[in-house]
Amino acid sequence: MAEPRTRVLVGELIDLEALRAERGGREPTPANLRAALPPGWALDDDHEHAKKDMRLLFRQGWMLAIGMLLFGAAGILFFIEVFPRGWSGVLRFVILLGILALVGGVVGPMITRGLSRRA
């Protein structure tokens, strides 16, 4: 049984001629090559080869969600004693949860979009 190759020529994964045609006959830049590579592949330092990207799982949103849950749970455990008891504590928790949803759902994507445009 043949072992899968972890380093291949970029031309084996993407159509370089089509990429050149998109750019009006100019050679594709490393950023163009990175964008055209299929998921799970990263451009090597020589810009002629691609290698299996072992960081694929760390680029997924589920890692962010798990991190937020773990740090949120740690924050709740840290601040549980300073929350008031009864309905006032529940109300304060709901307000803080609403602020977190606002920041995470509205402001977070705006910041991400701005940083992506900058890069």
Side-chain angles (χ1 to χ4, degrees):
M1 181 173 225
E3 189 174 309
R5 297 185 308 168
T6 58
R7 189 170 186 256
V8 297
L9 286 170
V10 173
E12 293 180 28
L13 297 172
I14 58 176
D15 186 8
L16 291 174
E17 291 305 318
L19 200 55
R20 280 188 197 99
E22 274 182 25
R23 294 186 38 82
R26 294 177 294 166
E27 285 296 316
T29 64
N32 296 129
L33 293 174
R34 272 188 217 96
L37 284 173
W41 290 92
L43 191 62
D44 210 357
D45 292 333
D46 63 3
H47 306 301
E48 294 177 6
H49 291 87
K51 59 186 174 187
K52 277 293 214 181
D53 188 5
M54 303 315 280
R55 301 169 301 156
L56 179 65
L57 296 178
F58 293 100
R59 293 185 298 161
Q60 304 300 323
W62 66 271
M63 289 299 290
L64 177 64
I66 288 175
M68 287 176 60
L69 286 174
L70 289 176
F71 281 106
I76 287 172
L77 290 176
F78 187 69
F79 288 110
I80 195 79
E81 294 300 319
V82 298
F83 271 53
R85 302 283 182 229
W87 286 109
S88 63
V90 171
L91 181 64
R92 186 178 290 180
F93 177 73
V94 169
I95 290 170
L96 290 175
L97 200 60
I99 291 170
L100 178 67
L102 178 68
V103 170
V106 176
V107 178
M110 288 175 16
I111 292 171
T112 303
R113 230 176 282 121
L115 290 174
S116 295
R117 284 186 199 143
R118 188 187 245 180

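These numbers come from the heavy atoms of this one structure, side chains and all, not from hydrogens, waters or symmetry mates. Heads up: numbering here begins at 1 and tracks the sequence.
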Original post:
Do the side chain of D46 and the main chain of E48 share a donor and acceptor less than 3.5 angstrom apart?
Top reply: yes
Would you compute the distance between atom [atom1] of [X] and atom [atom2] of [Y] and round it to the nearest 0.5 angstrom?
| X | Y | atom1 | atom2 | answer |
| --- | --- | --- | --- | --- |
| L91 | L96 | CG | CG | 9.5 Å |
| E27 | R20 | CD | CZ | 4.0 Å |
| K52 | W41 | NZ | CH2 | 5.0 Å |

Original post:
Are R34 and H47 close enough that some pair of their side-chain heavy atoms sits under 4.5 Å apart?
Top reply: yes
Original post:
Hey, does L33 have a side-chain heavy atom less than 4.5 Å from the side chain of L16?
Top reply: yes
For [X] and [Y], work out which heavy atoms get closest and say how close.
| X | Y | value |
| --- | --- | --- |
| L43 | L37 | N-CD1, 3.6 Å |
| L19 | P28 | CD2-CB, 3.6 Å |
| A36 | I14 | O-CG2, 3.1 Å |

Original post:
How would you list, by chain and number, every residue that makes a side-chain hydrogen bond (donor to acceptor under 3.5 Å, both in side chains) with R23, sequence neighbours excluded?
Top reply: N32
**OP:** Determine whether F71 and F93 fall in the same hydrophobic cluster, where Ile, Leu, Val, Met, Phe, Trp and Tyr are linked whenever their side-chain heavy atoms lie under 4.5 Å apart.
**Re:** no
